Amino acid sequence: MFERFGTPLLFFIAWLFLLLVTLSVPIIKSLNLFHINANVSVGVSIATATAKVAINYGIFGYCTSALNIQAGPFSENSPAECSPKKLGYTIDPTVQKLLSAVNADDLVDVINKALTFVLVLHPIACAFTFIALLLALLAAFRANVSKSRFPSIAASAFGVFAALLTTIVFIVDVVFVSIVKSKLKNHTDGAATANYGAAVWLVLVAALLLWVASVLACCGVFRTRRARRAEAEKY
């Protein structure tokens, strides 16, 4: 009985987590895949000042923090901005200028080339998880348990695929952010750092939940098989 209703519950939680990740920055600004914090030197009139800036990256874009520079009597303010919402974005000239200020020019090429591949996997994993959820709900609420075998098999298949894909997504996320962290460390001497965002760990939790749900879905297949056999023995 537990696997009958526990399976769709776990699929739902995993799908919710992947949906939140998909809707991260710039839609949900408090949730990001990774973020870069940098101390940049900017010229203000005839003076030079150092300011802190943060860049948060999500699935459909990124956001930069407000830049407030004060150098004696001179000041310069740049408001927080977000990129247009689209899948497969590139780094705009403003952010390129900020990365150039900390000697991380080649990081722009790494991000531009890798981001499209990394980002497109997240909504795909979310979509397959949603299909597995629907199939698991169909299997759970079938009045006749013996007739829920096909939805159970389909939910198990889609669940395993979604779990495998989500696991790959997590590994790719970790490797990608690790490359960014390494390049920043080697090129900026601590002037800029990159850190994992909460979205990466949500992907990990979703992957674990999907594997557990897939195992429960497989148990559901055997449950329907026993029910069919018991029904056949009545006759």
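All values derive from a computational prediction rather than experimental measurement.
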**Student:** Does some side-chain heavy atom of Glu81 sit less than 4.5 Å from a side-chain heavy atom of Cys63?
**Tutor:**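 Cys63 vs Glu81: side chains apart.
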
**Student:** For Ala54, is there any backbone N or O sitting under 3.5 Å from a side-chain donor or acceptor partner on Ser65?
**Tutor:**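 Confirmed, Ser65 side chain pairs with Ala54 backbone.
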
**Student:** How long is the straight-line distance from CZ of Phe170 back to CG of Leu208, given to the nearest 0.5 Å?
**Tutor:**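 Leu208 atom CG to Phe170 atom CZ measures 8.5 Å (nearest 0.5 Å).
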
**Student:** Can you confirm whether the side chains of Trp211 and Thr167 place a donor and an acceptor under 3.5 Å from each other?
**Tutor:**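 Side chains of Trp211 and Thr167: pair found under 3.5 Å.
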
**Student:** Compare every heavy atom of Lys85 with every heavy atom of Pro26, then report the nearest pair and how far apart it is.
**Tutor:**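 For Pro26 versus Lys85, the nearest heavy atoms are CG-CG, 3.7 Å.
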
**Student:** Assess the pair Phe5 and Phe141: is the distance between their ring centroids shorter than 6.0 Å?
**Tutor:**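 Yes, the ring of Phe5 comes within the 6.0 Å limit of the ring of Phe141, centre to centre.
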
**Student:** Rounded to the nearest 0.5 Å, what separation is found between the OG1 atom of Thr64 and the CD1 atom of Ile55?
**Tutor:**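 Nearest 0.5 Å value for the OG1-CD1 distance: 7.0 Å.
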
**Student:** Does the gap between the ring centers of Tyr57 and Tyr62 come in under 6.0 Å?
**Tutor:**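 For Tyr57 and Tyr62, the ring centres are under 6.0 Å apart.
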
**Student:** If I compare all heavy atoms of Gly6 with all of Leu216, which pair ends up nearest, and what's the gap?
**Tutor:**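 In terms of heavy atoms, the two residues are closest at C-CD1, 4.3 Å.
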
**Student:** Do Leu135 and Phe130 sit in the same hydrophobic cluster, where Ile, Leu, Val, Met, Phe, Trp and Tyr count as joined when their side-chain heavy atoms come under 4.5 Å apart?
**Tutor:**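 The answer is yes; both residues are in one hydrophobic cluster.
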
**Student:** Would you give the length of the straight line joining atom NE2 of His122 to atom CG of Asp173, rounded to the nearest 0.5 angstrom?
**Tutor:**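 Nearest 0.5 Å value for the NE2-CG distance: 3.5 Å.
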
**Student:** So how far is it from Leu133 CG to Cys126 SG, rounded to the nearest 0.5 Å?
**Tutor:**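 With rounding to 0.5 Å, CG (Leu133) is 10.5 Å from SG (Cys126).
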
**Student:** Would a 4.5 Å heavy-atom cut-off, applied to side chains only, mark Pro8 and Leu137 as touching?
**Tutor:**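 Sidechains of Leu137 and Pro8: in contact.
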
**Student:** Do Val169 and Val21 have side chains that approach each other closer than 4.5 Å (heavy atoms only, starting at C-beta)?
**Tutor:**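 The answer is no, as the side chains (C-beta and beyond) never meet within the 4.5 Å cut-off.
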
**Student:** So Thr22 and Phe60, do their side chains get closer than 4.5 Å, heavy atoms only?
**Tutor:**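 With C-beta onward as the side chain, the pair touches.
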
**Student:** Using the rule that two of Ile, Leu, Val, Met, Phe, Trp, Tyr join whenever any of their side-chain heavy atoms come within less than 4.5 Å, decide whether Val215 and Phe158 are in one cluster.
**Tutor:**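 Per the 4.5 Å side-chain linkage, Val215 and Phe158 are not co-clustered.
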
**Student:** Quick check: closest heavy atoms across Ala162 and Leu210, and the distance to 0.1 Å?
**Tutor:**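 It is O-CD1, 3.7 Å.
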
**Student:** What I'd like to find out is whether the side chain of Leu209 reaches to under 4.5 Å of the side chain of Phe17, using heavy atoms alone.
**Tutor:**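 With C-beta onward as the side chain, the pair touches.
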
**Student:** Measure the CD1-CG distance between Ile168 and Leu121 for me, rounded to the nearest 0.5 Å.
**Tutor:**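 Here the interatomic distance stands at 8.0 Å.
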
**Student:** With heavy-atom distances below 4.5 Å as the criterion, would you say the side chains of Leu23 and Leu31 are in contact?
**Tutor:**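 Counting from C-beta outward, Leu23 and Leu31 never come under 4.5 Å.
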
**Student:** So, taking the atom named CD1 in Ile59 and the one named CG in Leu119, what distance separates them when rounded to the nearest 0.5 Å?
**Tutor:**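 Between atom CD1 of Ile59 and atom CG of Leu119 there are 5.0 Å.
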
**Student:** For Phe161, give me all partners under ring-ring contact (aromatic ring centres under 6.0 Å, His included), at least two apart in sequence or on another chain.
**Tutor:**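 Partners of Phe161 by the ring-ring contact (aromatic ring centres under 6.0 Å, His included) criterion, ordered by chain and then number, come out as Phe128.
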
**Student:** Test of understanding: clusters of I, L, V, M, F, W, Y form through side-chain heavy atoms closer than 4.5 Å, transitively. Do Val174 and Leu165 belong to the same one?
**Tutor:**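 Val174 and Leu165: one cluster.
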
**Student:** Would you say Leu19 ends up clustered with Val25 if hydrophobic residues are merged whenever their side chains have heavy atoms under 4.5 Å apart, either directly or through other cluster members?
**Tutor:**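 No, separate clusters.
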
**Student:** Looking only at heavy atoms, what is the nearest atom pair of Ser156 and Ser214, with distance?
**Tutor:**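 Ser156 and Ser214 have their closest heavy atoms at OG-O, 4.0 Å.
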
**Student:** Before giving the answer on side chain to side chain contact (heavy atoms under 4.5 Å, CB included), spell out for Asn195 and Asn37 the whole-Å C-alpha distance, their side-chain angles and the decisive distance to 0.1 Å.
**Tutor:** CA-CA 8 Å; Asn195 294 287; Asn37 296 311; 4.0 Å; yes

**Student:** Quick one: does Phe34's side chain get under 4.5 Å of Lys181's, heavy atoms only?
**Tutor:**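 Side chain of Phe34 against side chain of Lys181, heavy atoms only: no contact under 4.5 Å found.
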
**Student:** Any side-chain heavy-atom pair from Phe176 and Leu33 closer than 4.5 angstrom?
**Tutor:**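 Contact flag for Phe176/Leu33 side chains = no.
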
**Student:** Only counting residues at least two apart or in another chain, list the ones meeting side chain to side chain contact (heavy atoms under 4.5 Å, CB included) with Leu9.
**Tutor:**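 Testing Leu9 for side chain to side chain contact (heavy atoms under 4.5 Å, CB included), a comparison that skips the adjacent residues, returns Ile13.
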
